[in-house]
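Remarks on the structure that follows.
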Amino acid sequence: MSEINLSEQREINTPQLTQQNQRVFNVQKEKFGPQLTTSYRQPLNDSMSSLGTSVTHGGDVTSVKKNTFCSEVLSTKIIKEESTDLERSFSSNDQVSLDQSLNACNQNILTELVEDHNESSAHNDDSKTPINYESLTQINDYSQNMQKTKIEYDQDPDASPTFNIQMESKQLWSAVQLLPVHEPPISYTVLLRSAPPPAPPDCPPQKLSREQLLPPTPSVHLENKKNAFSPQLQEFCLKHPIAVVRGLAGALKLDLGLFSTKTLVEANPDHSVEVRTQVNQSPDENWDISQAKRVWACISHRSHTTIAKYAQYQASSFQDSLKDEGDKGSAGSQVMSDSDSKDSVSNSNINLKRKKPKNGSKMLRFGTNVDLSDERKWKPQLSELQKLPAFARVISAANMLSHVGHVILGMNTVQLYMKVPGSRTPGHQENNNFCSININIGPGDCEWFAVPDSYWGGIHNLCEKNNISYLHGSWWPVLEDLYKENIPVYRFIQKPGDLVWVNAGCVHWVQSVGWCNNIAWNVGPLTARQYSLAIERYEWNKLQSFKSIVPMVHLSWNLARNIKVSDVKLFELIKMCLCQSLKNVFHIQEYVKSKGVEIRFNGRGKNEASHYCGQCEVEVFNVLFIREQEKRHVVHCLPCVLKLSPSLQGIVCLEEYRLSELEHVYDSFTLYRTQGLGQSH
């Protein structure tokens, strides 16, 4: 099915559209009518005459219960009614707390949204910090383009209708009625149908010199709180693939001691810690099991312990190192801990000459993924992070991940890492290419390696060459392999109190130089670039059978409910996702009805997590197919459930949102016109 190219400019002709719809409808009816049973034919015959009642599906939009959308943490009431526009000031009196069932995570979220907006305003005397951080296209130009866009059909009258973001929900529903009811909509994307499937990109063709392959890391030093809250800091971070914000803890008077091992043990000694057992080796090196050659595969075995037990290991490791102070390994580590981003490259040359580890090399244990989401357990720690500027906070109105409506551990909640020297976080891009924040608690340093997102395709190819899955595997790049492929690498040291900003899509890997703890989480700036990279990775993950832990369709609908978007490109991207997903919901429901299966309204519980297929782990939005397996009710997507039951017999079909509700959200999500924008040039 072809799609309208949004860049094309054509005129809307409503009478012509109606005639086209009717003509195509008549052709489809004549073509498929004889093939259909009476029960199948009835919806097709009545689709045009009863369009008004069919579209509302159970009553006028205004009659829908107000608590239907309360399944999101940030509801329409919180974001749309109480704040009207994210660019306006929040009222400090409007407070809504989260449900206790969500591990009491991030309680009083509205208060925090209020504080982050008011605080941003307080530190910017001249103007308010805008919610959209990219420069906006002129609204007048966009309006003219909207008027020139035409809903098109192929010249062939037998062709299926096309869909685009200028169509209202009724037009979408009408067009779906023209699709063959006997063909299940198993091929589904939230991107333009005309767009090629996502694939790893080719690296930029520019040949880089040796100096360009070792670029200096963008860094800024903060001297005071005013610097931390300046809009320029956020702009600086968004402009670079990766950035180091030095002196952040001192400038904001953050109490890093709250995240020290001693404090953690005192607070919750029995809290779970995931442990990764790894080989202790130089950050420049990665050897195979036999220690015979350099490889990309990163050896790591998983187990679990408690904070108290890992703290004991961390302390004994430090005591052992004091006894071996004269050892060359300790001396080398000390050199690295004194380095900075400017001279880390020169220090790396020293390590390149280090001898490879001998067989039986020392193993280490890395304490990772310590969950700090429960505010009842970690209230002092989470409260301290509210001192951060709004763009770096775990919860913020301008953070897409704050609109998901449920916890995604480690993404919209804080995770902590407990390290001894040599602890490695293997190479990766963040889940769904979201940005990330990482603060070194200390007392030791960490060494970072990073590659701009435009080169990730080259690293993907090197993983394939080394027989490692880019998404599923654990890998540690050999630097010389990257340089040979013309791939630049940032390399720098993160000291205690430094914040590392990892921009969308940046590939990175990290190794601790000393004994330290780190805290990290993800953020999603409301920019077209962030959303585009997230949605593209969402689609690529499907092709790679890799789960997207950020439910991008669910998130997109929540964004449409909660915020007003004035950036043209971001609006078009979100609207396209809504258009494609709503069309898919319409199509699935018509297909299910043709099979004689009842669709039961189930709704959503407050803070209920998004649903994923139990077979392929793809996100399942709104229409859930439930099949009992081993006395458990498992959610399936349509393609997977058809493999289990082609006739859908024995399958329960549930609906999360009434169609009238989705139609209302879809039609209400329009480009927000900022006052005076059209006159500025």
Side-chain angles (χ1 to χ4, degrees), residues 185-203 295-298 300 302 401 404 408-411 425-436 451-477 481-482 485 487 502-509 522 524 529-556 573 576-577 580-581 584 610-621 634-643:
I186 58 175
S187 179
Y188 164 55
T189 175
V190 294
L191 302 175
L192 278 167
R193 284 285 181 182
S194 58
D202 294 330
C203 290
V295 293
W296 275 57
C298 190
S300 181
R302 186 169 72 167
L401 295 175
V404 172
I408 305 176
L409 290 177
M411 293 204 68
T425 300
H428 66 287
Q429 289 173 295
E430 294 296 313
N431 289 304
N432 288 97
N433 278 333
F434 278 90
C435 301
S436 73
V451 171
D453 70 286
S454 55
Y455 289 89
W456 81 265
I459 296 182
H460 169 272
N461 295 338
L462 286 171
C463 283
E464 297 289 306
K465 185 178 179 181
N466 285 274
N467 299 315
I468 302 174
S469 168
Y470 180 82
L471 287 176
H472 297 274
S474 179
W475 41 271
W476 189 266
D481 290 351
L482 299 180
E485 294 297 322
I487 298 175
V502 181
N503 213 343
C506 178
V507 187
H508 57 287
W509 54 105
N522 292 96
R529 180 177 183 272
Q530 172 65 90
Y531 185 88
S532 176
L533 289 176
I535 209 76
E536 287 174 10
R537 180 52 54 92
Y538 176 84
E539 290 295 327
W540 190 62
N541 284 348
K542 289 183 188 177
L543 301 176
Q544 303 299 311
S545 300
F546 188 80
K547 183 178 180 179
S548 291
I549 68 172
V550 180
M552 289 303 299
V553 174
H554 173 80
L555 172 60
S556 298
L573 289 168
M576 176 54 67
C577 180
Q580 294 284 47
S581 57
N584 191 59
S610 299
H611 295 285
Y612 290 83
C613 177
Q615 298 292 119
C616 67
E617 293 194 313
V618 72
E619 180 189 1
V620 183
F621 177 73
V634 182
V635 173
H636 293 79
C637 64
L638 180 60
C640 287
V641 83
L642 287 175
K643 294 176 184 177

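Since the model is a prediction, treat every value here as computed from it, not as a measurement.
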Q) Can you name the residues that form a side chain to side chain donor-acceptor pair (under 3.5 Å) with Asn466, not counting sequence neighbours? A)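 Asn466 satisfies side chain to side chain donor-acceptor pair (under 3.5 Å) with no other residue.
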Got a sec, which residues hit side chain to side chain donor-acceptor pair (under 3.5 Å) with Ser436, two or more places apart in sequence or on another chain?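 With neighbours one apart ignored, the set is empty.
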Could you tell me the separation between the [atom1] atom of [X] and the [atom2] atom of [Y], rounded to the nearest 0.5 Å?
| X | Y | atom1 | atom2 | result |
| --- | --- | --- | --- | --- |
| Leu555 | Cys577 | CG | SG | 8.5 Å |
| Glu617 | Cys640 | CD | SG | 10.5 Å |
| His636 | Leu642 | NE2 | CG | 11.0 Å |
| Met411 | Asn431 | CE | CG | 5.0 Å |

I'd like to know if the side chain of [X] and the backbone of [Y] have a donor-acceptor N/O pair within less than 3.5 Å.
| X | Y | result |
| --- | --- | --- |
| Gln530 | Asn433 | yes |
| Trp475 | Tyr470 | yes |
| His554 | Val404 | yes |

Write down the atom of [X], the atom of [Y], and the distance for their closest heavy-atom approach.
| X | Y | result |
| --- | --- | --- |
| Pro201 | Ser454 | CG-O, 4.5 Å |
| Gly410 | Asn522 | O-OD1, 3.3 Å |
| Val634 | Gly614 | CG1-CA, 3.8 Å |
| Trp476 | Cys298 | N-CB, 4.1 Å |
| Cys637 | Cys613 | N-SG, 3.4 Å |
| Asn503 | Cys435 | OD1-SG, 3.5 Å |

* To do: Mind running side chain to side chain contact (heavy atoms under 4.5 Å, CB included) on Tyr188 and Ser581 for me, showing each step along the way?
  => CA-CA 8 Å; Tyr188 164 55; Ser581 57; 3.1 Å; yes
Quiz: residues 531-546 side-chain donor-acceptor pairs under 3.5 angstrom, not counting sequence neighbours:
residue: Tyr531; atom: OH; partner: Ser556; partner atom: OG; Å: 2.6
residue: Ser532; atom: OG; partner: Glu536; partner atom: OE2; Å: 3.2
residue: Arg537; atom: NH1; partner: Gln429; partner atom: OE1; Å: 3.0
residue: Arg537; atom: NH2; partner: Gln429; partner atom: OE1; Å: 2.9
residue: Tyr538; atom: OH; partner: Glu619; partner atom: OE1; Å: 2.7
residue: Glu539; atom: OE1; partner: Thr189; partner atom: OG1; Å: 3.2
residue: Glu539; atom: OE2; partner: Val190; partner atom: N; Å: 3.1
residue: Glu539; atom: OE2; partner: Lys542; partner atom: NZ; Å: 3.2
residue: Asn541; atom: ND2; partner: Arg537; partner atom: O; Å: 3.4
residue: Asn541; atom: ND2; partner: Ser548; partner atom: OG; Å: 2.8

Going by ring pair (Phe, Tyr, Trp, His ring centres under 6.0 Å), name the residues that satisfy it together with His508, two or more places apart in sequence or in a different chain.
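Scan of His508 (ring pair (Phe, Tyr, Trp, His ring centres under 6.0 Å), adjacent residues dropped) gives His428, Trp448.
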Scan residues 452-464 for pairs that pass salt bridge (Lys or Arg N to Asp or Glu O under 4.0 Å), counting only residues two or more places apart or in two chains.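 Sorted pair list: Asp453-Arg529.
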Quick one, Trp509 and Val451 - any side-chain contact, counting heavy atoms below 4.5 Å?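 Trp509 reaches Val451 side chain to side chain.
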Report the residues that fulfil side-chain contact (heavy atoms from CB on, under 4.5 Å) with Cys203, sequence neighbours left out, ordered by chain and then residue number.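 side-chain contact (heavy atoms from CB on, under 4.5 Å) check on Cys203 returns Tyr455, Ile487.
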